[in-house]
Enquirer: 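Let me give you the structure first, and then I'll get to my questions.
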Amino acid sequence: MPFVIAAVPAFIGSLVEFVEAYTIVLAIGVTRGWKAPLMGAAAALATLAVLIGVFGLSLINVIDEHLFELVVGSLLLLFGLKWIRKAILRYAGIVHLHDEDLIYQREVAELRAQGLMPSRFDWIGFLASYKAMLLEGLEVAFIVIALGAAGGDALMASAIGAVAALIVVGAAGAAIRRPLSRVPENTLKFSVGAMLCTFGVFWASEGLGVEWPGDALALFPIFLGFIGVSWALVRWLRSAVPGGRVLSRAV
Amino acid sequence: MMRSPASLAAALARSVVGLIVDDGLVAVGALAALVTVAGLAQVPEGTLPQPALGLVLFVLVVLALLASVAKAARSARQETTAPHEA
C-alpha cells in the first residue's frame with residue numbers, strides 16, 4: 001500500500017511532464033538531427049537524478065520528522081493547488097488546453113529559423129533539449145522527493161513511478177514519432193493535483209500534531225473531497241463564464 | 001552580458017517560486033490556512049478534537065482555491081465585457 005501511494009501519483013505526474021518534454025525533444029530531433037537532443041535529454045536526466053539523490057536522501061535523513069512533514073506537506077499543498085487550479089480553469093475554457101501539436105509546430109518553425117551548421121556539434125539542439133527536459137523534469141524531481149518523504153521505501157517507490165513514466169513516454173514516442181497529443185493531459189493534471197493537495201493537507205496537518213482517524217485511510221475521503229469540490233468549481237465556472245473566455249494573460 | 005550574482009540569485013529564486021506558485025492568492029490563502037491551524041493546534045488539549053483541525057485545514061484550503069478561481073472568473077468576465085482593454 002505505501003508503495004502504491006508514492007508510486008502512482010509520481011507515475012501520473014511524471015507522465016504529464018515527460019509528454020511535454022518529449023514534444024520539444026521530438027521537434028529538435030526532427031529538424032536538427034537526433035544526436036545532440038538525445039544527449040541533451042540524457043544530460044538533463046542525469047542532473048535530475050543527482051538532484052533527487054542529494055536533496056531527497058539528505059532531507060529525509062537530516063530533518064526532524066514532524067518539521068519535515070510540515071515543510072514537505074506545505075510545499076505539496078502549494079504545488080498541488082497550482083496544478084488543480086490550472087486544470088479547473090482549462091476544463092472551464094478560461095485557460096487554453098495544452099496543445100502538443102501546436103507546441104510542436106511552433107518549436108519546429110523556431111528551430112528551422114535558427115539554421116544548422118552540420119560540420120559541428122549542434123550545441124543549440126543540445127542546450128534546447130537539456131533546458132526543456134530539465135525544466136519539465138524539475139517538477140518531476142519535486143514530486144518524487146515530496147512523495148518519497150514518507151521515508152522507508154517511499155523514495156524508491158516514487159522514483160520507480162517516475163522512471164516507469166519516462167519509459168512509457170519514451171517507448172510511445174519512439175513508436176509513433178509524433179507529438180503525444182492524445183494523452184489526456186488535463187485529466188491527469190486534475191487527478192494528480194487532487195492527489196498532491198491530499199498528501200499536502202494530510203502531511204502538513206500531521207506535522208502540526210493533528211491525528212487523523214484511521215491514519216492513512218483518511219487520505220481517501222480527503223482526495224474525494226478535493227475531486228468533488230474541484231469538479232463543482234468547474235461546473236460553476238462553466239455557468240458563470242458561459243462558452244469560456246480564454247484570458248489574454250496568465251491568471 | 002554577464003549577470004551579477006545578485007540578479008542571478010534573484011532569477012533562480014523566481015524560478016523556484018514559479019515552480020510551486022503561479023497565483024499569489026491561492027498560495028497566500030493556503031499559507032494562511034496552515035498558520036491558522038498551527039495556532040489552533042496550540043490550544044490546550046481537549047478543547048478542540050484533533051480530527052477537527054484537519055478538517056479546518058481542508059476547508060480553509062478549499063476556500064483559498066475558491067477565491068483564486070473566482071478571481072480568474074471575474075477577470076474572464078471583465079475581458080468578455082471589455083475586450084479592447086485586454
Side-chain angles (χ1 to χ4, degrees), chain A residues 70 73-86 88-89 92-95 135 138-139 141-142 193 197-198 200-202 204-214 218 221-222 225-226 228-230 232-234 236-251, chain B residues 12 15-43 45 48-86:
Chain A
L70 178 60
S74 305
L75 291 174
L76 270 180
L77 184 57
L78 292 174
F79 196 65
L81 284 169
K82 175 187 166 184
W83 274 35
I84 203 162
R85 176 182 172 279
K86 191 165 273 181
I88 289 169
L89 296 179
I94 292 177
V95 170
L135 286 180
L138 275 177
E139 298 202 29
F142 178 82
C197 287
T198 300
V201 164
F202 184 79
S205 54
E206 286 222 321
L208 292 170
V210 174
E211 287 172 18
W212 290 86
I222 303 173
F226 273 114
V229 166
S230 303
L233 283 174
V234 171
W236 171 69
L237 278 177
R238 282 177 178 166
S239 61
V241 191
R245 163 68 194 181
V246 177
L247 286 171
S248 54
R249 60 188 167 76
V251 287
Chain B
L12 189 65
S15 298
V16 172
V17 172
L19 185 70
I20 302 166
V21 175
D22 67 353
D23 176 58
L25 181 60
V26 75
V28 169
L31 292 175
L34 287 164
V35 170
T36 304
V37 172
L40 289 174
Q42 305 307 314
V43 172
E45 207 167 319
L48 280 171
Q50 283 284 317
L53 288 181
L55 197 61
V56 168
L57 179 60
F58 173 78
V59 171
L60 291 177
V61 166
V62 165
L63 288 176
L65 182 62
L66 177 65
S68 170
V69 167
K71 188 184 79 172
R74 197 172 58 239
S75 301
R77 273 202 298 255
Q78 280 172 353
E79 287 201 11
T80 307
T81 51
H84 299 297
E85 292 174 15

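Here is how names work: the chains are called A, B, and so on, in the same order as the sequence lines, proteins then strands, and each is numbered from 1.
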Enquirer: If I measure from the heavy atoms of chain A, does B/Leu55 come under 4.5 Å with its side chain, its backbone, both, or neither?
Expert: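 The backbone, not the side chain.
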
Enquirer: Which region of A/Phe226, side chain (C-beta onward) or backbone (N, CA, C, O), has a non-hydrogen atom less than 4.5 Å from a non-hydrogen atom of chain B, or is it both or neither?
Expert: both

Enquirer: Heavy-atom cut-off 4.5 Å, strictly under: side chain, backbone, both or neither for A/Leu78 against chain B?
Expert: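 Both parts, heavy atoms under 4.5 Å.
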
Enquirer: Which residues pass the side-chain contact (heavy atoms from CB on, under 4.5 Å) test with B/Ala38, not counting sequence neighbours?
Expert: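 Scan of B/Ala38 (side-chain contact (heavy atoms from CB on, under 4.5 Å), adjacent residues dropped) gives A/Leu208.
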
Enquirer: With a 4.5 angstrom heavy-atom cut-off, is it the side chain or the backbone of A/Ser230 that approaches chain B, or both, or neither?
Expert: side chain

Enquirer: Give me the atom names and distance for the closest heavy-atom approach of A/Ile94 to B/Ala72.
Expert: CG2-O, 4.4 Å

Enquirer: For A/Leu77, is it the side chain, the backbone, both or neither that has a heavy atom under 4.5 Å from a heavy atom of chain B?
Expert: side chain

Enquirer: Excluding sequence neighbours, so at least two apart, what forms side-chain contact (heavy atoms from CB on, under 4.5 Å) with B/Ala41?
Expert: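 Scan of B/Ala41 (side-chain contact (heavy atoms from CB on, under 4.5 Å), adjacent residues dropped) gives B/Leu53.
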
Enquirer: Which region of A/Val229, side chain (C-beta onward) or backbone (N, CA, C, O), has a non-hydrogen atom less than 4.5 Å from a non-hydrogen atom of chain B, or is it both or neither?
Expert: side chain

Enquirer: How long is the straight-line distance from OG of B/Ser68 back to CG of A/Leu89, given to the nearest 0.5 Å?
Expert: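 With rounding to 0.5 Å, CG (A/Leu89) is 7.0 Å from OG (B/Ser68).
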
Enquirer: Counting heavy-atom pairs closer than 4.5 Å to chain B, which one of A/Leu233, A/Val210, A/Leu70, A/Leu75 comes out on top?
Expert: A/Val210

Enquirer: Checking B/Ala70 now: which residues fulfil side-chain contact (heavy atoms from CB on, under 4.5 Å) with it, not counting sequence neighbours?
Expert: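 Result, side-chain contact (heavy atoms from CB on, under 4.5 Å) vs B/Ala70: A/Trp236.
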
Enquirer: Under 4.5 Å heavy-atom distance to chain B, tell me which part of A/Ile88 shows up: side chain, backbone, both or neither.
Expert: side chain

Enquirer: Which answer fits B/Val62, side chain, backbone, both or neither, if we ask what part of it has an atom under 4.5 Å from a heavy atom of chain A?
Expert: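 Side chain of B/Val62 only, per the 4.5 Å heavy-atom cut-off to chain A.
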
Enquirer: Using only non-hydrogen atoms and a strict under-4.5 angstrom cutoff, which residues of residues 28-35 of chain B touch chain A?
Expert: B/Ala30, B/Leu31, B/Leu34

Enquirer: Examine whether an atom of A/Ile84 lies under 4.5 Å from a heavy atom of chain B, and if so say whether it belongs to the side chain, the backbone or both; otherwise answer neither.
Expert: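 A/Ile84 touches chain B through side-chain heavy atoms alone.
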
